[in-house]
Number of protein chains: 2
Amino acid sequence: MTDVKPMRADARRNYERLLAEAKRAFTERGVDASLEDVARSAGVGIGTLYRHFPTREVLLETLLRDRFDTQAGKARELLAAEDPLDGLYTWLVGFGTASGAYRGLTELLADAINDPGSALHASCHAMQEAASQLVDRAKEAGALRADVTTRELLLLLHGASWAGTHLPGERGMERLLTLVFEGLRAS
Amino acid sequence: MTDVKPMRADARRNYERLLAEAKRAFTERGVDASLEDVARSAGVGIGTLYRHFPTREVLLETLLRDRFDTQAGKARELLAAEDPLDGLYTWLVGFGTASGAYRGLTELLADAINDPGSALHASCHAMQEAASQLVDRAKEAGALRADVTTRELLLLLHGASWAGTHLPGERGMERLLTLVFEGLRAS
DNA sequence: TTACTTTACGGAGGTAGCCTCCGGTTTGTC
DNA sequence: GACAAACCGGAGGCTACCTCCGTAAAGTAA
């Protein structure tokens with residue numbers, strides 16, 4: 001199916017250097033980090049960066065794909081957790097952490113869900129699917145309010161994650177998510 | 001105390017034109033709208049804009065002050081509401097709406113709370129004070145979880161407001177806030 | 001090795017936005 | 001009408017985005 005031609009040696013080298021530097025830059029400066037800086041510190045021309053990664057989204061998506069795949073796998077595991085609500089909660093914390101990896105990322109992800117053209121859209125959609133099953137299971141067990149949709153829940157998660165990054169201390173997101181979550185129990 | 005000299009006629013005219021155009025631009029394009037565009041459409045040089053409003057924050061703060069003052073007044077009124085929880089809720093919805101006036105504003109406000117150097121800091125602080133009294137009243141009435149701080153509540157509000165703006169439809173913020181809020185009742 | 005093709009590189013260059021600085025103009029006043 | 005104070009405007013230096021294409025390096029076959 002997808003028989004990808006192996007990259008030329010120099011191309012592969014540059015590709016990997018760019019990814020490494022991009023990761024550093026996004027971590028330190030947030031998702032708006034200068035791409036020219038990334039290229040510079042990778043010892044590569046700006047044109048090379050844009051050839052490998054036509055848009056900032058593509059670059060981000062490449063960096064995040066592994067993380068997202070892991071997260072999707074976790075959802076499958078947690079479907080077997082004894083307590084459906086705990087399982088869902090655990091997963092949400094994991095996803096919240098992932099979506100807060102770089103400053104400003106939460107925003108991009110929230111937008112990507114609504115924009116099929118975004119390079120991040122597929123990943124987001126996959127996450128939503130994964131969450132959906134956990135949500136349904138929690139509802140069926142009567143542990144979660146029945147009138148909350150997965151979309152709303154994920155938005156609340158994003159909101160908490162976003163708010164957490166605007167809190168000086170760390171672990172803010174988890175506290176906020178707990179507050180929200182305890183309130184969503186079925187009563 | 002503050003004896004402000006009256007502005008020269010041309011200065012006052014430009015000042016007001018700039019405010020009007022800035023409001024339009026922020027509404028249409030969000031808080032990152034180009035200031036050069038604002039100056040252009042106000043028929044004024046970019047230097048004039050920067051003289052009147054040294055930073056984007058100052059410009060925003062000027063535009064928002066009225067709204068914020070109104071909101072603070074509402075808090076005082078709502079301290080007399082019959083149901084403390086309803087009063088708090090009503091106020092939060094109002095504040096959430098105000099902080100969603102321009103795309104991207106929620107983010108600026110959330111940061112301004114932690115940055116005393118920001119031109120928006122004073123307004124934010126005033127809001128926090130106003131909220132604090134409503135929160136205390138609701139707690140004393142035993143209607144609100146006692147372990148939630150005003151800061152956390154405002155962050156959750158900001159989170160809901162933020163998430164609401166990333167929802168295609170309107171009125172998203174209110175729905176999200178309701179979900180959060182119902183969960184914070186004292187049980 | 002060499003000669004040749006394919007793939008990839010890199011940075012100049014055009015666009016746009018930020019912000020500062022200062023020569024020149026307008027306003028208010030006496 | 002003349003003068004000082006207040007104010008205007010945009011050129012200019014900076015950074016970042018993204019595209020385009022002449023040049024260089026890697027792979028391949030003889």
Side-chain angles (χ1 to χ4, degrees), chain A residues 2-22 24-26 28-62 102-104 107-108 111 117-120, chain B residues 2-22 24-63 102-104 107-108 111 117-120:
Chain A
T2 54
D3 49 355
V4 246
K5 234 187 241 185
M7 276 170 130
R8 233 174 67 172
D10 52 351
R12 148 127 276 130
R13 193 179 55 231
N14 289 336
Y15 180 88
E16 261 145 25
R17 279 186 189 162
L18 281 168
L19 274 184
E21 289 304 322
R24 222 167 55 88
F26 289 151
E28 288 171 9
R29 312 267 208 187
V31 294
D32 288 329
S34 158
L35 296 184
E36 305 217 288
D37 268 353
V38 171
R40 250 191 299 278
S41 46
V44 146
I46 185 66
T48 299
L49 185 151
Y50 276 98
R51 195 169 336 95
H52 283 301
F53 309 102
T55 68
R56 190 179 291 269
E57 271 81 32
V58 170
L59 181 48
L60 270 167
E61 207 270 336
T62 309
Y102 311 125
R103 186 157 25 91
E107 180 125 37
L108 284 184
D111 285 338
S118 163
L120 293 163
Chain B
T2 55
D3 49 355
V4 246
K5 232 187 245 185
M7 278 171 129
R8 235 173 65 173
D10 52 350
R12 150 125 274 133
R13 193 179 54 230
N14 288 336
Y15 180 87
E16 262 145 24
R17 279 187 191 163
L18 281 168
L19 274 184
E21 288 305 321
R24 221 167 55 85
F26 289 151
T27 303
E28 288 172 8
R29 311 265 208 188
V31 293
D32 288 328
S34 158
L35 296 185
E36 306 218 288
D37 267 354
V38 170
R40 249 192 299 277
S41 46
V44 145
I46 184 66
T48 299
L49 185 151
Y50 276 98
R51 194 165 341 94
H52 284 300
F53 309 101
T55 68
R56 190 180 291 270
E57 270 82 33
V58 170
L59 180 48
L60 270 168
E61 206 272 335
T62 309
L63 280 173
Y102 310 126
R103 188 156 26 91
E107 180 125 37
L108 284 184
D111 286 338
S118 162
L120 293 163

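Just so it is clear: chains get the letters A, B, ... in the order the sequence lines come, proteins before strands, and each one is counted from 1. This one's a predicted model, so the numbers in the text were calculated from it and none came from an experiment.
Following rounding to the nearest Å, B:R12 (CZ) and C:dT26 (C1') show an atom-to-atom distance of 17 Å. Rounded to an integer number of Å, the gap from B:L49 CG to C:dT20 C1' is 13 Å. One can place CZ of B:F53 at 13 Å from P of D:dC7, the figure rounded to the nearest angstrom. In this structure, CZ of A:R51 is placed 12 Å from C1' of C:dG11, rounded to the nearest angstrom.
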Yes or no on side-chain contact (heavy atoms from CB on, under 4.5 Å) for B:T55 and B:L60, after CA distance, side-chain angles and deciding distance? CA-CA 9 Å; B:T55 68; B:L60 270 168; over 6 Å; no
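Position along DNA chain C of the nearest nucleotide to A:G43 versus B:T55 favours A:G43 as the more 5'-ward residue. Between B:G47 and B:R13, the residue anchored nearer the 5' end of DNA chain C, judged by the nucleotide with its closest heavy atom, is B:G47. Toward the 5' end of DNA chain D, the nearer of the two residues A:R8 and B:I46, judged by each one's closest nucleotide, is B:I46.
Side-chain nitrogen and oxygen atoms of A:N14 include at least one within less than 4.0 Å of the OP1 or OP2 phosphate oxygen of C:dC9. In this structure, A:T48 does not reach the C:dA8 phosphate: none of its side-chain N or O atoms is under 4.0 Å from OP1 or OP2. Put simply, B:K5 has a side-chain N or O that comes within less than 4.0 Å of OP1 or OP2 on D:dA6. Distances shorter than 4.0 Å separate none of the side-chain N or O atoms of B:R56 from OP1 or OP2 on C:dC19. One finds no side-chain N or O of B:H52 lying less than 4.0 angstrom from the OP1 or OP2 phosphate oxygen of D:dC7.
Checking C:dC9, D:dC7, C:dT20 against the side-chain heavy atoms of A:D10 singles out C:dC9 as nearest. Side-chain proximity of B:A11 to the nucleotides D:dC8, D:dC17, C:dC9 is greatest for D:dC8.
No side-chain heavy atom of B:F53 sits less than 4.5 Å from a side-chain heavy atom of B:V38.
Non-hydrogen atoms lying under 4.0 Å from DNA chain D are contributed by nothing in residues 28-42 of chain B.
Atom CG in A:L49 sits 5.0 Å away from atom CD1 in A:I46 (nearest 0.5 Å).
A salt bridge does not link B:R17 to B:E21: none of the charged nitrogens lies less than 4.0 Å from a carboxylate oxygen. Classification of B:R40 and B:E36 as a salt-bridged pair fails, no side-chain N sitting under 4.0 Å from a carboxylate O.
In terms of modelled atom types and a separation under 3.5 Å, the side chain of A:R56 and the main chain of A:A33 share a donor-acceptor contact. In this structure, A:R103 contributes its side chain and A:E28 its backbone to a donor-acceptor pair below 3.5 Å.
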